Amino acid sequence: MFSLMTPQLVVMGGGSRHETVTVLQRLGITRPLIVTDGFLVKTGVVGEIEALLHKGGMAPGRFDETVPDPTVAVVEAGVTRLQEGAYDGLLAIGGGSPMDTAKAMAVLAAGGGAMRDYKVPASADKADLPIVCIPTTAGTGSEVTRFAVITDEATDEKMLIMGLACLPRAAIVDYELTLTKPLRLTADTGIDALTHAIEAFVSKKATPLSDVYALEAMRLIYPNLRTACFEPGNHAAREAMMRGATLAGLAFSNASVALVHGMSRPIGAFFHVPHGLSNAMLLPVVTAFSAPAALDRYATVARTLGLATAAEGDQAAVSALLEALTALNRDLTVPSPAAYGIDEARYRDLMPRMAEQALASGSPGNNPRVPTAAEIVTLYDAAYRG
């Protein structure tokens, strides 16, 4: 027996942002609070969608104070803004940070208390307001997931919030919003999406349906990631990446992520490394650690990516996968933590604490090979210089 959790409605394709009013009307939303960031306001993306809403007779509000790696303080400020108006829905526009902020706002507004009260293993299932997401990056998949990650500034911990209250009611997935994204952002979010697909497929919580999403996501993302980075105006590559990221989101929302994500969050919290980039830093070394415990699954990943044939043995396929992940990082100029400029002494001093936080998130428990804290420390050490 297994379950499948998805939004009620997903509208996908070039120009689909122009359907925003129709989507909101179908959900009974007439006064949405837009949750976004200042950069997207400056680019005109938010203004374009606001104009559509006003033309459709709606009266949107705006909270544009979201930040990378959203914090408890920002979520609380958003809840205050939410409570100031008679809003009947949340419209998140942006990457993972605005979408996660909107989710956390919905959870906190409905349940009260402190954000930490909803940290895993608690289940955040109560929300009074529907969430609609319009992603502007091809990476997080947050537009279709039941997860949010919020940083507690007091402890430098990235808290995983999980539950039905975090699952958007609808998603509008328009790849045209990614055409102007720079190489570094495209690469980091793209590897993040690839990591979602791989981890969902090898997760102990994988299901037959999450496998379908994960494998198709891999087929779309891997062959198009370099093209999207080096030919940013390539519509076909951008559309494939956006579709793949959403499918990967559906996969890990139902199967969960594993060790890469568990280890990635503390690096982001302590050293302010973008989430996708910290995943990329870890993916090759964690895959090498994990593969012996699920050789057939990782071999299937390699074959799905076109790195091995059915006639080749599992060990050869996995070796090809490890080489390909390393080459992908090299081609997309993914730095090691050392090359990124993370202070070695502080990094090594924090490794035991990061290992504790990684285990506490629950994600490593989904890994084919469940590590001890000492093994996670060893992996952090191996990843430092790449």
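Since the model is a prediction, treat every value here as computed from it, not as a measurement.
- Applying the side chain to side chain donor-acceptor pair (under 3.5 Å) rule to Thr178 yields no partners; only residues at least two apart in sequence or on another chain are considered.
- Applying the ring-ring contact (aromatic ring centres under 6.0 Å, His included) criterion to Tyr384, with sequence neighbours excluded, gives Tyr347.
- Leu108 is not connected to Met162 by any chain of hydrophobic side-chain contacts under 4.5 Å among Ile, Leu, Val, Met, Phe, Trp and Tyr, and they are in different clusters.
- Side-chain atoms of Tyr380 come within 3.5 Å of backbone N or O of Met263 as a donor-acceptor pair.
- Salt bridge status for Glu176 with Arg17: present, with a side-chain N to carboxylate O gap under 4.0 Å.
- With hydrogens and angles ignored, the 3.5 Å screen pairs a side-chain donor or acceptor of Asn224 with a backbone N or O of Leu220.
- In terms of modelled atom types and a separation under 3.5 Å, the side chain of Thr378 and the main chain of Ala374 share a donor-acceptor contact.
- You'll find the side chain of Met105 stays beyond 4.5 Å of the side chain of Ile131, heavy atoms only.
- Residue pairs meeting the side-chain hydrogen bond (donor to acceptor under 3.5 Å, both in side chains) criterion with at least one member in residues 276-286, sequence neighbours excluded: Asp192-Asn279, His261-Asn279, Ser264-Ser278, Ser264-Asn279, His275-Asn279.
- Checking side-chain atoms of Thr300 against main-chain N and O of Asp296 turns up a donor-acceptor pair under 3.5 Å.
- For the salt bridge (Lys or Arg N to Asp or Glu O under 4.0 Å) test, residues two or more places apart in sequence or in another chain that qualify with Arg348 are Glu344, Asp381.
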Would Asp211 and Arg297 satisfy salt bridge (Lys or Arg N to Asp or Glu O under 4.0 Å), going step by step from the backbone distance to the final call?
CA-CA 11 Å; Asp211 283 354; Arg297 282 253 149 182; 3.0 Å; yes
Quick one, Ile134 with Thr20, criterion side chain to side chain contact (heavy atoms under 4.5 Å, CB included). Give me CA distance, side-chain angles, the key distance, then yes/no.
CA-CA 9 Å; Ile134 304 179; Thr20 301; 3.6 Å; yes
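- Ser203 contributes a side-chain N or O that, together with a main-chain N or O of Lys205, makes up a donor-acceptor pair within less than 3.5 Å.
- In this structure, Pro130 and Ile29 have side chains that are in contact, with non-hydrogen atoms separated by less than 4.5 Å.
- Residue pairs meeting the ring-ring contact (aromatic ring centres under 6.0 Å, His included) criterion with at least one partner in residues 149-187, sequence neighbours excluded, are Tyr175-His235.
- As a member of the Ile/Leu/Val/Met/Phe/Trp/Tyr network built from side-chain separations under 4.5 Å, Leu167 groups with Met5, Leu164.
- To the nearest 0.5 Å, atoms CG (Leu52) and CE (Met58) are separated by 10.5 Å.
- Residues Pro60 and Leu33 form no side-chain contact, since every pair of their non-hydrogen atoms from C-beta on lies 4.5 Å or further apart.
- Within the structure, the ring-ring contact (aromatic ring centres under 6.0 Å, His included) test picks out no pair touching residues 279-310 (sequence neighbours left out).
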Applying side chain to side chain contact (heavy atoms under 4.5 Å, CB included), run through Val173 and Val11 and close with a yes or a no.
CA-CA 6 Å; Val173 186; Val11 180; over 6 Å; no
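- Clustering of Ile, Leu, Val, Met, Phe, Trp and Tyr by side-chain heavy atoms under 4.5 Å joins Leu185 with none of the others.
- Here Met99 is tied to no hydrophobic group at all, with no ILVMFWY side chain closer than 4.5 Å.
- By the 4.5 Å heavy-atom criterion applied to side chains, Tyr222 and Thr304 are not counted as neighbours.
- To the nearest 0.5 angstrom, Arg330 atom CZ is 10.0 Å from Glu323 atom CD.
- In this structure a side-chain-to-backbone donor-acceptor pair under 3.5 Å is present from Tyr118 to Gly111.
- At least one donor-acceptor pair under 3.5 Å links the side chain of Asp37 to the backbone N or O of Leu40.
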Assess the residue pair Leu332 and Cys229 against the criterion (side chain to side chain contact (heavy atoms under 4.5 Å, CB included)); give the C-alpha distance rounded to whole Å, side-chain angles, the decisive distance to 0.1 Å, and a yes or no.
CA-CA 8 Å; Leu332 300 184; Cys229 288; 3.9 Å; yes
Any chance you could lay out the salt bridge (Lys or Arg N to Asp or Glu O under 4.0 Å) test for Asp64 and Lys42, step after step, and finish with the verdict?
CA-CA 11 Å; Asp64 57 14; Lys42 291 179 182 177; over 6 Å; no
Less than 3.5 Å apart, which donor and acceptor atoms pair up between the side chains of residues 90-97 and the rest of the protein, not counting sequence neighbours?
from  : atom 1 : to    : atom 2 : distance (Å)
Ser97 : OG     : Val67 : O      : 3.4
Ser97 : OG     : Asp69 : N      : 3.4

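- Formation of a donor-acceptor pair under 3.5 Å by the Arg265 side chain with backbone atoms of Ser361 is not found in this model.
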Donor-acceptor pairs under 3.5 angstrom involving side-chain atoms of residues 146-154: please list them, not counting sequence neighbours.
from   : atom 1 : to     : atom 2 : distance (Å)
Arg146 : NE     : Ser253 : O      : 2.6
Arg146 : NH2    : Ser253 : O      : 3.1
Asp152 : OD1    : Ala154 : N      : 3.0
Asp152 : OD2    : Arg116 : NE     : 3.1
Asp152 : OD2    : Arg116 : NH2    : 2.9
Glu153 : OE1    : Val72  : N      : 3.4
Glu153 : OE2    : Ala73  : N      : 3.1

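- Atom CZ of Phe39 has 12 or fewer heavy atoms from other residues, nucleotides or ligands within 6.0 Å.
- Residues Leu325 and Thr287 form a side-chain contact, since some pair of their non-hydrogen atoms from C-beta on lies under 4.5 Å apart.
- Summarising the geometry, atom CD1 belonging to Ile267 is positioned 13.0 Å from atom NE2 belonging to His272; distances are rounded to the nearest 0.5 Å.
- Thr227 and Arg238 form no side-chain donor-acceptor contact under 3.5 Å, judged by distance and modelled atom types alone.
- Using a 4.5 Å heavy-atom cutoff, the side chains of Glu50 and Lys55 are not in contact.
- At a threshold of 4.0 Å, the pair Arg353-Glu356 does not count as salt-bridged, since none of the basic side-chain nitrogens sits closer than that to a carboxylate oxygen.
- Between the side chain of Ser363 and the main chain of Leu359, no donor-acceptor pair closer than 3.5 Å is present.
- A distance-only check finds a donor-acceptor pair linking the side chain of Asp117 to the backbone of Ala114 [under 3.5 Å].
- The shortest side-chain heavy-atom distance between Val273 and Ile342 falls under the 4.5 Å cut-off.
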Lys119 vs Glu157, salt bridge (Lys or Arg N to Asp or Glu O under 4.0 Å): CA-CA, chis, key distance, verdict:
CA-CA 11 Å; Lys119 170 189 165 184; Glu157 178 184 4; 2.7 Å; yes
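- Considering only residues two or more places apart in sequence or on other chains, Arg226 meets the salt bridge (Lys or Arg N to Asp or Glu O under 4.0 Å) condition with Asp331.
- Side chains of Lys204 and Ser256: no donor on one and acceptor on the other come within 3.5 Å.
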Apply side chain to side chain contact (heavy atoms under 4.5 Å, CB included) to residues Leu177 and Thr137 and explain how you reach the verdict.
CA-CA 7 Å; Leu177 295 174; Thr137 61; over 6 Å; no
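- Between Pro135 and Met242 the shortest side-chain heavy-atom distance falls below 4.5 Å.
- No option in Leu321, Leu215, Asp314, Thr309 other than Asp314 meets the side-chain contact (heavy atoms from CB on, under 4.5 Å) test with Arg303.
- Considering CZ of Arg169 and CZ of Arg26, their distance stands at 13.0 Å, rounded to 0.5 Å.
- Side-chain atoms of Ser142 and Asp100 form a donor-acceptor pair, as typed in the model, at a separation below 3.5 Å.
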